[in-house]
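Input: a single structure, listed below in structure tokens.
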Amino acid sequence: MGQRLVVIGGDAAGMTAASQARRLDGDLDIVALEKGRWVSYSACGIPYLVAGDVERLEDLVARTPQEFRDRHKIDVRLRQEAMSIDTAAGQIEVRDHEHGRTVRLPYDQLVVATGALPLRPDIPGINGETVLGVQNLGDAQRLLERNQRATARDVVVVGGGYIGLEMAESYLRLGAKVTVVDSAPEIMGTLDPDMGSLVRTAMIRHGIDVRCGSPVAAFEPGSVHLASGDTLNADLVVLGTGVEPNARLAAGAGIETGVKGAIRVNARQQTSVDGVWAAGDCAESFHLVSRQAVHVPLGTVANRQARVAGINLGGGYATFPGVVGTAVTKLCATEVARTGLNEWEAAAAGLAYVVGKIKATTRAGYLPEARPIVVKMLAERGTGRILGAQLVGEEGAGKRIDAVAVALTAGFTVEELVNTDLAYAPPFSPLWDPIQVAARKALGLL
Ligand SMILES: Cc1cc2nc3c(=O)[nH]c(=O)nc-3n(C[C@H](O)[C@H](O)[C@H](O)COP(=O)(O)OP(=O)(O)OC[C@H]3O[C@@H](n4cnc5c(N)ncnc54)[C@H](O)[C@@H]3O)c2cc1C
């Protein structure tokens, strides 16, 4: 056996790093510790499992521990929680929940991939039986069991971000009356309020009751009390109140943390301590547009960072240049996406900008399948460098954000995007793609 690599956390980042390292180095002794009952699962699929699109919870598991052992020679240990890291001795204290004992596990190289923790605001009644989170497969199982016992008629979703929206759609499709509550004045805080309001209008059109600007004052069995004085019926409350990096274990070991308490890493995914690496929701990223450290808890970022860590651990050399903050979601027929910086993020980064905002259609306007789309693009005043884009539209809108993400990563100006040779035929887009129309509008304002 070669050196021992220990991975803490057995989901997207942890198992990607472990598998990638194994591909390059067949001799590494790789141990993956996971405190839960599943590894390599897709939390992203939970809303679709709850809605019934995905038949079984196990379908969200990409690979079982046995498959990792047999095919990749990775020793996956379930229900084993890393309690502390002794970086001087190169040892981890591990609590084996299965057998009720604690052991010390030596390592040569360590990957911290402990993910994120859901934020649970300190509200009376939040630990009640009918208030459920949605973060891992254990949560998914609880939601499924709840659905099997009795179909929820009145569902309140707290938090109007991506996960809140997706869970709202799931319960709407199960026939529930759904209310989304958000303490912020507008839904989808990662968008500018003018774009968020388009999402709110769409939600109302899809039959969701939206209550913005009214924090929850208390949860009670059967109801939710808002600070505004309103009371909502709720046989089920789903929390989508955001996450924070789960970096306490690393911080406790003296490993440097940064923005929002996430683990600080360099471009190779090395932490401040020799031999300790980090990737995924527990780690910082570098934003290619603002040139600042950010915390972007997304599966896309987790996988890319972990691949880089794995290559380095397997004896190769790789760097992760950074993120542009690209995300997409959908609520019924409405698709929502963003990349780069929004207005307040651009202002916070000290960038002066112009805004090109347009309404168009997803296909040639004369086709019956043409759907509305609104695109908002930010470009740096003077230089024309693209800073970001947001879009809200219907079928065919969302993934258009990828072209802007590529342009952003390449450092394009709006003029360069306007001149980019994008594909066109009437069933796919109008002659000028909506993102190019928004770029043209911004170009005219520089
Ligand atoms: C409902 C939902 C929908 C989502 N949808 C999307 C989407 O559409 N697109 C997208 O890009 N992202 C999405 N995400 C985010 C994505 O799932 C995460 O970014 C991704 O899972 C992060 O991977 P990770 O490995 O860093 O962390 P996690 O997936 O959180 O895994 C960390 C693992 O570490 C384990 N662990 C923690 N501490 C310890 C310890 N001390 N010892 C042992 N094990 C430990 C945890 O049990 C966990 O299994 C979604 C998330 C949720 C919850």
Side-chain angles (χ1 to χ4, degrees), residues 6-18 31-51 54 60-62 65 76-85 92-97 105 110-119 132-140 143 157 159 161-170 238-253 262-263 265 269 278-285 295-307 309 323 325-330 336-337 398:
V6 175
V7 170
I8 305 177
D11 193 25
M15 296 321 294
T16 300
V31 179
L33 303 172
E34 168 53 53
K35 69 176 179 183
R37 295 179 187 279
W38 295 273
V39 288
S40 203
Y41 51 89
S42 168
C44 315
I46 295 174
Y48 310 98
L49 174 75
V50 171
V54 180
L60 296 185
V61 177
V76 174
R77 301 183 187 174
L78 292 184
R79 306 255 296 135
Q80 304 234 352
E81 181 173 3
M83 307 304 288
S84 63
I85 306 167
I92 306 161
E93 185 186 81
V94 184
R95 181 75 187 153
D96 177 349
H97 292 292
L105 180 70
L110 175 66
V111 178
V112 182
T114 43
L117 289 173
L119 292 168
L132 298 180
V134 48
Q135 176 70 13
N136 52 39
L137 289 195
D139 295 330
L143 287 165
V157 176
Y162 296 100
I163 291 175
L165 250 62
E166 290 169 8
M167 293 308 295
E169 174 181 340
S170 301
V238 180
L239 296 177
T241 34
V243 295
E244 62 181 357
N246 182 10
R248 254 168 277 165
L249 182 71
I263 302 170
V265 285
Q269 300 301 133
D281 283 5
C282 61
E284 275 185 348
S285 298
H295 178 238
V296 180
L298 285 175
T300 46
V301 178
N303 277 276
R304 283 176 201 128
Q305 290 187 337
R307 175 183 163 272
V323 299
T326 312
V328 65
T329 191
K330 82 175 248 307
V336 184

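Side chains included, hydrogens not; waters and symmetry mates left out as well; all remaining heavy atoms used. In listed order, ligands and their atoms are each counted from 1.
For the pair Leu137 and Val61, the minimum side-chain heavy-atom distance is below 4.5 Å.
Proximity of a side-chain donor or acceptor of Thr241 to a complementary backbone N or O of Gly159 within less than 3.5 Å is not detected. In terms of modelled atom types and a separation under 3.5 Å, the side chain of Ser170 and the main chain of Pro47 share a donor-acceptor contact. Remark: side-chain polar atoms of Glu166 are not paired, donor with acceptor, to backbone N or O of Tyr48 under 3.5 angstrom.
The number of heavy atoms from other shown groups lying within 6.0 Å of CZ (Arg79) is above 12. Residue-environment remark: CZ (Arg95) exceeds the threshold of 12 foreign heavy atoms within 6.0 Å.
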I'd like the atom pairs linking ligand 1 to the protein - N or O on both sides, separation under 3.5 Å - with distances to 0.1 Å.
{"unit_1": "ligand 1", "atom_1": "11 (O)", "unit_2": "Gly299", "atom_2": "N", "d": "3.0"}
{"unit_1": "ligand 1", "atom_1": "11 (O)", "unit_2": "Thr300", "atom_2": "N", "d": "3.4"}
{"unit_1": "ligand 1", "atom_1": "12 (N)", "unit_2": "Gly299", "atom_2": "N", "d": "3.0"}
{"unit_1": "ligand 1", "atom_1": "19 (O)", "unit_2": "Asp281", "atom_2": "OD1", "d": "2.9"}
{"unit_1": "ligand 1", "atom_1": "19 (O)", "unit_2": "Asp281", "atom_2": "OD2", "d": "3.1"}
{"unit_1": "ligand 1", "atom_1": "19 (O)", "unit_2": "Leu298", "atom_2": "N", "d": "3.4"}
{"unit_1": "ligand 1", "atom_1": "19 (O)", "unit_2": "Leu298", "atom_2": "O", "d": "3.4"}
{"unit_1": "ligand 1", "atom_1": "19 (O)", "unit_2": "Gly299", "atom_2": "N", "d": "2.9"}
{"unit_1": "ligand 1", "atom_1": "21 (O)", "unit_2": "Asp11", "atom_2": "OD2", "d": "3.4"}
{"unit_1": "ligand 1", "atom_1": "25 (O)", "unit_2": "Ala12", "atom_2": "N", "d": "3.2"}
{"unit_1": "ligand 1", "atom_1": "25 (O)", "unit_2": "Ala13", "atom_2": "N", "d": "2.8"}
{"unit_1": "ligand 1", "atom_1": "26 (O)", "unit_2": "Asp281", "atom_2": "N", "d": "2.9"}
{"unit_1": "ligand 1", "atom_1": "29 (O)", "unit_2": "Asp11", "atom_2": "OD2", "d": "2.4"}
{"unit_1": "ligand 1", "atom_1": "41 (N)", "unit_2": "Ala82", "atom_2": "O", "d": "3.0"}
{"unit_1": "ligand 1", "atom_1": "42 (N)", "unit_2": "Ala82", "atom_2": "N", "d": "3.0"}
{"unit_1": "ligand 1", "atom_1": "44 (N)", "unit_2": "Lys35", "atom_2": "N", "d": "3.1"}
{"unit_1": "ligand 1", "atom_1": "47 (O)", "unit_2": "Glu34", "atom_2": "OE2", "d": "2.6"}
{"unit_1": "ligand 1", "atom_1": "49 (O)", "unit_2": "Glu34", "atom_2": "OE1", "d": "2.7"}
{"unit_1": "ligand 1", "atom_1": "49 (O)", "unit_2": "Glu34", "atom_2": "OE2", "d": "3.2"}
{"unit_1": "ligand 1", "atom_1": "49 (O)", "unit_2": "Tyr41", "atom_2": "OH", "d": "2.7"}

